[in-house]
Amino acid sequence: MLDWLLGPLLSMVGFDYRNKRQKDRALLEEFLTILPSDSDAVLFLKDHDMGYPAPLSYFRPLHQVADHWRGPDKEFQVSRLERLKVSFIESLQEFLSHYAKRSGGEGGGFVSIGLRDWEDRPEMLKYKGELNELSTAAYRKYEEFVRLARKEI
């Protein structure tokens, strides 16, 4: 009964939480279709040693999110979720940009930074360490966003 009385009033002043949650739930589902938690791309961010080659296919969903999930049609209504999503995308863009600086094709659909196990190139080892840190940071922000989104909506 209280919902019947207050619902239209709250909706007029912008407190339409039920509708916001439904829209956000659909948006989260779309996001997780592209980048599910158990996907190769997410596990790549979490576990991959950036000194080794990686399949180029791991990068496609990461670029798709980085390139297309900042628009107004991909904006979460719950502002806290939107801030976490933006934070994840910024972190992801930083990783992808840094990775692109020194990476190249390995053939067979793989990409790498060109570091071999037997090489002792301090600048490349440092670069590999930076990439590992950036990918881990992006993964943690992904995890934080998805975890809160599942609780909130």
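What you see below is based on every heavy atom in this structure, not just the backbone, and it leaves out hydrogens, waters and symmetry mates.
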Are Ser135 and Met50 close enough that some pair of their side-chain heavy atoms sits under 4.5 Å apart?
yes

Kindly write out the residues that satisfy side chain to side chain donor-acceptor pair (under 3.5 Å) with Lys74, not counting sequence neighbours, or none if the list is empty.
Glu30

Taken to the nearest 0.5 Å, the spacing of Ser91 OG from Glu144 CD works out to 10.5 Å

Kindly compute the distance separating CG (Leu92) from OG (Ser97), expressed to the nearest 0.5 Å.
11.0 Å

So how far is it from Glu123 CD to Lys126 NZ, rounded to the nearest 0.5 Å?
10.0 Å

Hey, could you give me the CD1/CD distance between Ile34 and Gln64, rounded to the nearest 0.5 Å?
4.0 Å

Between Arg102 (side chain) and Ile113 (backbone), is there a donor-acceptor pair under 3.5 Å?
no

Rounded distance (nearest 0.5 Å) linking atom CG of Asp47 with atom CG of Asp40
11.0 Å

If you measure from CG on Leu84 to CD1 on Ile89, what distance do you get to the nearest 0.5 Å?
11.5 Å

Which residues pass the side chain to side chain donor-acceptor pair (under 3.5 Å) test with Glu130, sequence neighbours left out?
His98

Same cluster for Leu125 and Tyr99 if Ile/Leu/Val/Met/Phe/Trp/Tyr side chains link at under 4.5 Å?
yes

In chain order, what residues pass the salt bridge (Lys or Arg N to Asp or Glu O under 4.0 Å) check against Glu106, with sequence neighbours excluded?
Arg116

Sequence neighbours left out, what passes side-chain contact (heavy atoms from CB on, under 4.5 Å) with Asp49? Give chain and number order.
Tyr52, Lys128, Asn132

Who passes salt bridge (Lys or Arg N to Asp or Glu O under 4.0 Å) against Arg121, sequence neighbours left out?
Glu119

Under 4.5 Å between any side-chain heavy atoms of Arg21 and Gln77, yes or no?
no

Applying side-chain contact (heavy atoms from CB on, under 4.5 Å), can you list everything that pairs with Asp67, at least two apart in sequence or on another chain?
His63

Please give me the minimum heavy-atom distance between Leu96 and Ala66, naming the atom from each residue.
CD1-CB, 4.0 Å

With Glu90 via salt bridge (Lys or Arg N to Asp or Glu O under 4.0 Å) - residues at least two apart
Arg70

Are Phe76 and Phe31, when compared by the centres of their aromatic rings, separated by less than 6.0 Å?
no

Can you sort out the partners of Glu143 under side-chain contact (heavy atoms from CB on, under 4.5 Å), two or more places apart, ordered by chain and number?
Tyr139, Arg147

Check: Asp24 side chain, Ile153 main-chain N or O, donor-acceptor pair, under 3.5 Å
no

Heavy atoms of Phe44 and Ala54 approach each other most closely as CE1-CB, 3.5 Å

Just to verify, what does Lys141 make a side chain to side chain donor-acceptor pair (under 3.5 Å) with, not counting sequence neighbours?
Ser87

Can you give me the closest heavy-atom contact between Arg150 and Leu28, atom names plus distance?
N-CD2, 4.3 Å

Using the side-chain contact (heavy atoms from CB on, under 4.5 Å) criterion, which residues pair with Ala41? Sequence neighbours excluded.
Leu35, Ser39, Pro61, Leu62

Can you name the residues that form a side chain to side chain donor-acceptor pair (under 3.5 Å) with Tyr127, not counting sequence neighbours?
none

Among residues at least two apart in sequence or on other chains, which ones pass salt bridge (Lys or Arg N to Asp or Glu O under 4.0 Å) with Glu82?
Lys85

